[in-house]
Protein chains: 2
Amino acid sequence: MLPTQSVPHTPRQNHLLAALSADSFARLAVNLELIAMPLGAALCESGGQLQHVYFPTTAIVSLHYVMEDGASAEIAGIGNEGVLGVSLFMGGNTTPSQATVQTGGHGYRLKAKQLMEEFDLAGPMMRLMLRYTQALMTQMSQTAVCNRHHSVEQQLCRWLLLTLDRLPSNELTMTQELIASMLGVRREGITEIAGNLQREGLISYRRGHITVLDRAGLESHTCECYDVVKKEFHRLLKDAKAAQGFA
Amino acid sequence: MLPTQSVPHTPRQNHLLAALSADSFARLAVNLELIAMPLGAALCESGGQLQHVYFPTTAIVSLHYVMEDGASAEIAGIGNEGVLGVSLFMGGNTTPSQATVQTGGHGYRLKAKQLMEEFDLAGPMMRLMLRYTQALMTQMSQTAVCNRHHSVEQQLCRWLLLTLDRLPSNELTMTQELIASMLGVRREGITEIAGNLQREGLISYRRGHITVLDRAGLESHTCECYDVVKKEFHRLLKDAKAAQGFA
DNA sequence: TCCGGTATGTGTTGCAGCGCACAGAGTGGA
DNA sequence: TCCACTCTGTGCGCTGCAACACATACCGGA
């Protein structure tokens with residue numbers, strides 16, 4: 001599915017692809033395939049084998065684990081800062097977690113084989129992917145800690161902020177039900193907390209749409225986890241170009 | 001600190017080192033340094049830079065995150081199946097989490113520079129390390145999910161089993177206080193649950209020592225998380241030799 | 001414009017786990 | 001041998017969140 005002319009797409013909208021040097025990017029670019037990533041699409045079932053790695057541009061993918069009883073929790077999110085499918089180059093091919101599209105949009109994909117060819121050169125693409133993977137691990141760790149120690153309100157704010165960071169606007173299309181399943185909590189809990197946040201003027205929402213009005217306000221309601229993840233992503237990927245010998 | 005004669009040490013006690021082919025291992029072996037890893041030793045502060053990667057043989061290292069208010073939680077454990085310091089070859093050099101010795105023992109360490117030399121060959125050592133890192137990520141994910149959805153009893157059993165898998169005997173030297181801080185829960189909660197488990201004949205303990213009497217019983221008290229992690233480690237590392245071209 | 005399905009709001013009840021306080025019991029060192 | 005310290009056991013009230021049960025409001029399509 002191709003984008004409309006009115007919305008120009010370029011692989012460089014993905015920060016990882018944007019961080020590649022001209023020649024590294026050129027090698028990959030011819031193999032990048034623009035694809036639509038509609039809300040709810042299951043990119044990878046638990047234990048399923050990916051055929052591609054996905055570089056979201058406007059879409060957001062959620063990595064989550066579904067338990068035997070059907071309950072689930074998001075482990076990490078992947079937006080235009082990242083890539084889905086690290087298990088391919090990590091050598092495991094599959095993971096026990098699932099990947100579904102949490103916010104519809106577009107992205108580029110690359111055949112696993114083509115990635116590995118670049119990878120086997122042990123070149124800049126590899127170093128970049130590994131750095132990103134470490135950032136992803138930080139996100140997972142922090143999710144674990146946050147689940148243990150912080151209130152649902154703090155976690156909701158963290159999640160909103162992390163999601164917002166991956167979006168161009170301050171509105172996200174998302175039902176409370178869906179958010180609840182991401183955080184692995186009850187929908188009613190989200191309703192109550194979202195109501196409070198709205199009353200405080202931090203957000204406004206209507207049936208499936210949430211608009212963040214006061215970003216700083218949300219940050220004051222969240223826990224340190226948001227900041228830890230954000231800073232770590234920045235630290236690991238800010239000088240991605242430098243890491244490739246640009247500096 | 002060198003081991004006593006009565007307890008022979010060999011790098012091959014660490015499963016990752018054991019999985020290396022003879023020539024890969026030979027290249028590394030001369031640089032491996034046997035070290036004592038006493039209980040409580042801080043191998044890496046938050047944000048601190050490791051100078052070595054550590055391959056535990058009899059020791060167990062705990063990766064945990066300490067929050068601003070002092071509360072903490074274990075994110076993952078590292079025993080003779082793994083290696084501490086993946087951030088070095090992942091390219092990030094540091095992580096926000098800390099590493100301390102949870103069970104005293106020994107291990108081998110390798111200077112970061114020497115590892116990277118091997119690594120830059122993009123050889124079997126690299127592939128093995130990446131596979132292990134993926135297994136570590138599974139452990140982190142599952143910790144997050146478990147923290148969200150499962151009871152302290154289930155988590156305690158999971159933790160006991162995962163720790164036991166890294167030990168030669170069925171006894172672990174560990175106070176309830178320490179276990180509580182690992183799981184990020186109250187000490188009293190551990191006391192109560194441990195009491196129940198003892199009454200049921202699954203474990204027995206005395207001041208700082210826990211002996212597992214009925215492994216299968218513990219497994220029936222734990223959640224699916226233990227199995228997921230165990231199976232994933234097995235899947236990723238069982239054919240470590242095959243992955244290097246042995247097969 | 002209406003209608004049906006879905007999203008949201010609200011209350012009630014129950015419980016797991018927390019925070020606090022303190023009592024006993026083991027253990028290692030002097 | 002005794003002492004001091006740490007580890008373990010127990011009770012209490014409190015709170016955040018779950019489970020369940022509805023009521024209501026919204027929205028998009030026929």
Side-chain angles (χ1 to χ4, degrees), chain A residues 39-40 67 69-73 102-104 144-160 171-200 203-211 221-223, chain B residues 38-40 67 69-73 102-104 145-160 171-200 203-211 221-223:
Chain A
L39 175 65
M67 286 176 305
D69 67 1
S72 78
Q102 171 208 110
T103 298
V145 169
C146 202
N147 283 354
R148 161 63 64 220
H149 289 286
H150 298 140
S151 68
V152 174
E153 182 182 28
Q154 290 176 308
Q155 292 180 51
L156 173 60
C157 293
R158 167 178 65 84
W159 189 89
L160 287 173
E171 179 180 329
L172 38 162
T173 304
M174 184 73 51
T175 65
Q176 300 184 354
E177 184 80 50
L178 199 45
I179 294 175
S181 89
M182 292 286 168
L183 296 181
V185 299
R186 278 179 329 141
R187 195 265 315 159
E188 293 92 325
I190 299 297
T191 299
E192 188 179 339
I193 294 164
N196 295 342
L197 294 177
Q198 176 155 254
R199 249 164 267 135
E200 292 181 50
I203 64 173
S204 83
Y205 61 89
R206 59 185 180 82
R207 254 182 108 79
H209 298 265
I210 300 186
T211 306
H221 277 67
T222 195
C223 44
Chain B
L39 174 63
M67 288 177 302
D69 67 0
S72 79
Q102 172 208 109
T103 298
V145 169
C146 203
N147 283 353
R148 161 64 63 220
H149 288 287
H150 299 139
S151 69
V152 174
E153 181 183 26
Q154 288 176 309
Q155 293 180 52
L156 173 60
C157 292
R158 168 178 64 83
W159 189 90
L160 286 174
E171 178 179 330
L172 38 163
T173 304
M174 184 73 51
T175 65
Q176 298 184 353
E177 184 80 51
L178 198 45
I179 293 176
S181 88
M182 292 286 168
L183 296 180
V185 299
R186 274 185 328 147
R187 194 266 314 160
E188 293 91 325
I190 300 298
T191 299
E192 187 179 341
I193 295 164
N196 294 342
L197 294 177
Q198 177 155 254
R199 248 162 268 133
E200 293 181 48
I203 64 174
S204 82
Y205 61 89
R206 58 181 181 85
R207 252 182 110 77
H209 298 263
I210 300 186
T211 306
H221 277 67
T222 195
C223 44

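Per chain, numbering begins at 1; letters A, B, ... match sequence-line order.
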Would you kindly give the [atom1]-to-[atom2] distance between [X] and [N], to the nearest whole Å?
| X | N | atom1 | atom2 | answer |
| --- | --- | --- | --- | --- |
| I193(B) | dG17(C) | CD1 | C1' | 9 Å |
| Q154(A) | dT15(D) | CD | P | 17 Å |
| I190(A) | dA18(D) | CD1 | P | 9 Å |
| R186(B) | dC7(D) | CZ | P | 17 Å |
| R148(B) | dG17(C) | CZ | P | 13 Å |
| H209(A) | dT8(C) | NE2 | C1' | 14 Å |
| N147(B) | dC17(D) | CG | C1' | 16 Å |
| E192(A) | dG16(D) | CD | P | 10 Å |

> Does any N or O donor sit under 3.5 Å from an N or O acceptor when you compare the side chain of E188(A) with the base of dC20(D)?
Replying inline: yes
> How does each nucleotide of nucleotides 23-30 of chain D score, in 5' to 3' order, for protein heavy atoms under 4.0 Å: base (B), sugar-phosphate only (S), or none (-)?
Replying inline: --BBS---
Interface polar pairs with nucleotides 14-16 of chain C, N/O, under 3.5 angstrom:
none

>> Tell me every residue that passes side-chain hydrogen bond (donor to acceptor under 3.5 Å, both in side chains) with R187(A), counting only those two or more places apart in sequence or in another chain.
In response: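 R187(A) satisfies side-chain hydrogen bond (donor to acceptor under 3.5 Å, both in side chains) with T191(A) once adjacent residues are dropped.
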>> Taking the nucleotide of DNA chain D with the nearest heavy atom to each, does H150(A) or Y205(B) sit closer to the 5' end?
In response: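 Checking each residue's closest nucleotide, the 5'-ward one belongs to Y205(B).
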> Taking the nucleotide of DNA chain D with the closest heavy atom to each, which residue, Q155(A) or R187(A), is nearer the 5' end?
Replying inline: Q155(A)
How long is the span from the [atom1] atom in [X] to the [atom2] atom in [Y], to the nearest 0.5 Å?
| X | Y | atom1 | atom2 | value |
| --- | --- | --- | --- | --- |
| I190(B) | S181(B) | CD1 | OG | 9.5 Å |
| L160(B) | H221(B) | CG | NE2 | 12.0 Å |
| E171(B) | R206(B) | CD | CZ | 6.0 Å |
| L156(B) | I210(B) | CG | CD1 | 7.0 Å |

For [X], report the nucleic acid contact type (base, sugar-phosphate, nothing); a contact means any heavy atom under 4.0 Å.
| X | value |
| --- | --- |
| T191(A) | base |
| G208(B) | sugar-phosphate |
| G189(B) | nothing |

> More than 12 heavy atoms of other residues, nucleotides or ligands under 6.0 Å from CD of E188(B): is that the case?
Replying inline: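 Enclosed.
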>> For a quick test of reading the model: is some side-chain N or O of Q176(B) closer than 4.0 Å to OP1 or OP2 of dG9(D)?
In response: yes
>> Using a 3.5 Å distance criterion without hydrogens, assess whether the side chain of T211(A) forms a donor-acceptor pair with backbone atoms of Y205(A).
In response: no
> Taking all atoms of both residues into account, what is the closest heavy-atom pair of H150(B) and C223(B), and its distance?
Replying inline: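 Here H150(B) and C223(B) meet closest at ND1-SG, 3.2 Å.
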